[in-house]
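Comments concern the structure below.
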Amino acid sequence: MHWCLDCGSALAEAEVEYQDKTSAAIDVAFRAVDKAAIFKKFNAEINSNDVAVVIWTTTPWTLPANMAVCLHPDFEYVLVKAKLASGEINLVLAEALHKSALDRYGADEYTVLGRCKGTALENLPLQHPFNDRQVPLIVGDHVTTETGTGAVHTAPGHGQDDFVIGQKYGLEVYNPVGGDGVFLADTPLFAGQHVNKANDAIVETLKNNNALLKYKSIRHSYPHCWRHKTPIIFRATPQWFISMEQNKLRTHALKAINNTQWMPDWGQARIESMVVNRPDWCISRQRTWGVPITLFVHKQTGELHPRTSELIEKVAGGIEKQGIDFWFSLEPEQLLGSDADQYDKVTDTLDVWFDSGVTHAAVLEQRKDLHYPADLYLEGSDQHRGWFQSSLLTSVAMNGVAPYKAVLTHGFTVDADGKKMSKSQGNVIAPQKVCDSLGADILRLWVASTDYSGEMSVSDEILKRMSDSYRRIRNTARFLLANLNGFEPSRDMIAADKMLPLDRWAVATTWHLQQNIITAYREYNFHSIYQKLHNFCAVELGSFYLDIIKDRQYTTQMNSLARRSAQTALYHIIEAMTRWLAPICSFTADEIWQAIPGDRNQSSVFISTWYEDLHDLPAEGRMNFDFWNTVLQVRTLVSKHLEDLRVAGSIGSSLDAEVDLYCDDALLKTLATLEDELRFVLITSYVRLHPLTSSSPGTEQQIDTRHKIRIITSASKHNKCIRCWHYREDVGQHSEHPELCGRCVSNVSGSGEVRKHA
RNA sequence: GUCUCGAUAGCUCAACUGGUAGAGCUCGCGAUCGAUAAUCGCGCGGUCAGAUGUUCGAAUCAUCUUCGAGACACCA
């Protein structure tokens, strides 16, 4: 286990980070017990000097636990007679490294006496440099020739590779270091010393024993505790594992992965390869806090107590009543009676990944309003190695299936340049600060607007844009609500087939958008919902529909069909839109909901379903989507022409203008269906239609690739109606209302104008 | 070091299975003053990260490079 001396605990892989550290790098001679045997293996002529295999290590404190020296079976090793400052000696070194090593030792003269493969030297005994112990030469494939000597000091108690190779050779897992980093009392020479302090004493001892060939401090990458930022050590301790192979856990987990929907889909490949390659899961931690592993282990045999399942139930009951300390303060006699002195109470705690991993059992299966498996697990993309996996393994082990039907991952938040946020860079944007300054709904809108499958950028500018967008959406809702003033749906709502075509278009557009939005929600495609919703507010509503219906809202009689039809559309739109908005801008949606007319019946937008009273436009009708698209294109072209007039100073408002449209036959026929109401759609005072042939050729424009149109705009010469702002020739013809146009007179004192289309 | 994902206008996103790069916002100019800490119109803005290749044709396919993010591994 990676062991942090400051935590006094094992660390999970994820808790280890690599930093540079200065270490003592030493070359140590392990003298051969049987000189003659070595010479013989190298087929070399014997001499009277000592023979030693040299190891190189950066952790001198692990030497007391040395149990072997490991060579690579296939590497070529040389036996060298070298003249060092301390005298002549025969050294065994990897051929590939012997020159650099001898150079390091200051050997001016040396002679290669012979060579042989590492495997030939297997099992020959060496003398430990300071302990009264002989250790064998062993061979393993993990030896490299990158650095060192080609011979690796092996301490099964202090290294993963060493532990594994030690198992193979039956080496004792000797770990003389306690959890506090101090050599145990029975450690020869160094008992009571802290490992970090013992390095010097060990180096000194090696020097005295004539075993130190070189001492040098080096700087290298070394594992550190992520919390304390201090170097950690590797320490073999007994641990509890969940086997990946027993009961075919790995196989079943892979099957469960395959039965789960992964979004984005590369998530599946990622977790699959992790599960294929992962070792058994070490679930025990030596911590003083956490969920205890409530086991009793026999002092001699190491077996679990025969009543373990029953005992765990009892402990669980106790913990439910008294909390986690029930276990830690439990006297074994309470549960085991006379067996107590035969058993050790395990004080290890569970890996925290286990805690969160079993939420499917501890939460989903415990609560009536939840169900197992979950519909969706949602977390950052780093959790393929974390929660998604720990949850999967425990669920598969318990129930044979994944704890989720689908898994959705999102990227990490980064700054405007795509850099990760870090305190030292000063580019961190704290969600709480955004909530405090801009409000939670804008933060939520940002989340929704971002494509979370990659990194999610946040910056002040982005948030500024979001609050702009938010205001647009909110203002649109506010306009809708304001124009619904006095509208009582149960009384004033107009049936679809009685509504004006433009209003039906608005409702149908809303209906189509709703289909897209529902699909997008089902696909967790939030950013496209945001785009569609915002565009709807800005384009279809703001710059077209709402702009046009203002005339009816403000000039026709309060209870006229013209006005109630528009209000009916507004009502349908706000009903639908509030629901679309609710999952994203919850506070705003809730606020809108309460202001929508009609009997809200103390309901909440959060428990309502999609609005179902929208209706599509009959495709075969004369004023279908095709028709309105053509009208929209005409309107766009007219706007450009009006802008020319405006820039020239001839007009301000578009109502100051009159428009003459010269159209090809088909287009003429299309536009003529709106009759005089085309002027309301274009928001101009007059619109006159003419055949294209009656205009001078060369200035016509293309619409739809199908139609040709020539547009002439001019400032109106008529008088402005003070009420509706249209410039009409009949203004002033009514003595009672000298400042009003004809339709306004009718609206003010007559039966009211009749609108058929828009 | 290895693997995976990503890079399109100042910002957020589009672009069906290769077929002339589109929206909205921002910005600029103007209008309006009956959505006003609003609203409407017009306009500016892109070597699709870079380079090669395949193709009649590449944002799209392939290879490489750069940058970014994540995961994995790790030196006795």
Side-chain angles (χ1 to χ4, degrees), chain A residues 13-14 16 18 23 25 55-59 62 66 69-70 142-144 146-149 151-155 158-162 220-223 234 264 266-267 269-271 273-274 277-278 380-386 409 411-420 445-446 448-451 453-457 459 461-466 468-469 471-472 474-483 527-528 530-539 542-544 546-547 550-551 553-555 636 638-644 646-647 649 651-656 683 723-725:
Chain A
E13 279 294 331
V16 174
Y18 289 83
S23 296
I55 63 93
W56 180 79
T57 182
T58 57
T59 51
T62 60
N66 175 280
V69 171
C70 190
H142 63 285
V143 177
T144 68
E146 276 173 46
T147 49
T149 59
V152 175
H153 145 57
T154 300
H158 292 306
Q160 174 97 51
D161 286 336
D162 296 8
H220 62 156
S221 171
Y222 189 86
F234 198 91
W266 48 258
R270 172 171 290 184
I271 194 166
S273 73
M274 284 177 178
N277 295 316
R278 78 159 295 148
S381 57
D382 59 332
Q383 294 301 322
H384 289 102
R385 64 181 294 281
T409 50
F412 286 67
T413 51
V414 295
D415 68 11
D417 301 321
K419 300 271 175 64
K420 66 178 163 189
L445 191 61
W446 165 73
S449 74
T450 302
D451 179 1
S453 67
E455 293 120 43
M456 305 171 69
S457 289
S459 66
E461 188 197 350
I462 291 167
L463 289 169
K464 175 77 167 32
R465 291 294 99 81
M466 290 325 300
D468 289 341
S469 300
R471 286 208 311 275
R472 171 56 129 174
R474 191 171 192 279
N475 265 326
T476 301
R478 208 165 55 155
F479 180 85
L480 296 175
L481 291 174
N483 281 279
H527 70 279
S528 98
Y530 159 78
Q531 298 272 345
K532 287 175 161 75
L533 175 58
H534 187 262
N535 264 36
F536 180 62
C537 290
V539 181
S543 66
F544 184 64
L546 299 183
D547 210 18
K550 279 182 205 167
D551 182 83
Q553 287 299 300
Y554 304 149
T555 68
T636 302
V638 168
S639 290
K640 289 187 208 295
H641 282 264
L642 291 176
E643 188 62 20
D644 293 340
R646 194 173 285 134
V647 169
I651 61 163
S653 159
S654 62
L655 283 174
D656 299 346
I683 316 185
R723 185 166 176 277
C724 74
W725 301 344

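Residue numbering restarts at 1 for every chain, and letters A, B, ... go by the order of the sequence lines.
- Considering only the side chain of A:S639, B:G41 comes nearest among B:G41, B:U26, B:G70.
- By the side-chain contact (heavy atoms from CB on, under 4.5 Å) test, A:S653 pairs with A:L655, A:D656, sequence neighbours left out.
- When each of A:M456, A:R465, A:H534, A:M466 is paired with A:S449, the side chain to side chain contact (heavy atoms under 4.5 Å, CB included) condition holds for A:M466 and for no other.
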>> So if I define the base as every atom that isn't primed, P, OP1 or OP2, how would nucleotides 6-14 of chain B read as a B/S/- string at a heavy-atom cutoff under 4.0 Å?
In response: ----BSBSS

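- Residues passing the ring pair (Phe, Tyr, Trp, His ring centres under 6.0 Å) test with A:F479, sequence neighbours excluded: none.
- A:H158 is linked by a ring pair (Phe, Tyr, Trp, His ring centres under 6.0 Å) to A:W61, counting only residues two or more places apart in sequence or in another chain.
- Distance check on atom C1': B:A59 versus B:U8 gives 7 Å, rounded to whole Å.
- In this structure, A:L533 atom CG and B:A23 atom C1' are separated by 15 Å, rounded to whole Å.
- Rounded to whole Å, the distance from CD on A:Q383 to P on B:C5 is 20 Å.
- By the side-chain contact (heavy atoms from CB on, under 4.5 Å) test, A:T58 pairs with A:S23, A:A25, A:W56, A:I218, A:H220, sequence neighbours left out.
- For A:T57, the side chain to side chain donor-acceptor pair (under 3.5 Å) test picks out A:T59, with sequence neighbours left out.
- Between A:R646 and A:E643 there is a salt bridge, since a side-chain N of the basic residue sits under 4.0 Å from a carboxylate O of the acidic one.
- Considering every non-hydrogen atom in both A:I683 and A:D547, the closest pair reads CD1-OD2, 3.5 Å.
- The same atom, C1', is picked in B:C27 and in B:A9; the two are 12 Å apart, to the nearest Å.
- Within 4.0 Å of A:T58, counting heavy atoms only, lie sugar-phosphate atoms of the nucleic acid but no base atom.
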> For nucleotides 34-40 of chain B, read 5' to 3', which letter fits each nucleotide if B means a protein heavy atom sits under 4.0 Å from the base, S means only the sugar-phosphate is that close, and - means neither?
Replying inline: BBS-SSS

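- Spacing of P atoms, B:U17 relative to B:U36, comes out at 44 Å, to the nearest Å.
- For the pair A:L642 CG and B:U32 P, the interatomic distance rounds to 13 Å; values are reported in whole Å.
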> Just the dot-bracket of RNA chain B, please: which string comes out with Watson-Crick or G-U pairs under 3.5 Å, [ ] for crossing, | for another strand?
Replying inline: (((((((..((((.....[..)))).(((((.......))))).....(((((..]....))))))))))))....

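- When the C1' atom is used for both B:G43 and B:G57, the distance is 32 Å, rounded to whole Å.
- Distance noted for atom P between B:U65 and B:U4: 13 Å (whole Å).
- Using modelled atom types, one finds a donor on one side chain and an acceptor on the other under 3.5 Å when comparing A:N475 with A:R478.
- Under the side chain to side chain donor-acceptor pair (under 3.5 Å) criterion, A:D415 pairs with A:N427, not counting sequence neighbours.
- Among residues two or more places apart in sequence or in another chain, the side chain to side chain donor-acceptor pair (under 3.5 Å) test is passed with A:S654 by none.
- Checking B:C25, B:G70, B:C42 against the side-chain heavy atoms of A:H534 singles out B:C25 as nearest.
- Nucleotides B:U60 and B:U55 are separated by 16 Å at their P atoms, to the nearest Å.
- Here the separation of B:C61 from B:A14, taken at their P atoms, is 15 Å to the nearest Å.
- Protein atom CD of A:E643 is 13 Å distant from nucleotide atom C1' of B:G28, rounded to whole Å.
- If you take NZ of A:K420 and C1' of B:C5, they are 16 Å apart, rounded to a whole angstrom.
- By the side chain to side chain donor-acceptor pair (under 3.5 Å) test, A:N66 is found to be paired with A:H153, residues two or more places apart in sequence or in another chain being considered.
- The distance from atom CG of A:D644 to atom P of B:A31 is 15 Å, rounded to the nearest whole Å.
- Between A:T59 and A:V414, the one whose closest nucleotide on RNA chain B sits nearer the 5' end is A:V414.
- In this structure, the CZ atom of A:R270 is 13 Å from the C1' atom of B:U2, given to the nearest Å.
- Nucleotides of RNA chain B nearest to A:F412 and A:C70 differ in position, and the one nearer the 5' end is that of A:F412.
- A:N277 places its CG atom 12 Å from the P atom of B:C74, with the value rounded to the nearest Å.
- With sequence neighbours excluded, the residues satisfying salt bridge (Lys or Arg N to Asp or Glu O under 4.0 Å) with A:R474 are A:E591.
- B:U26 and B:A62 have their P atoms separated by 38 Å, with the value rounded to a whole Å.
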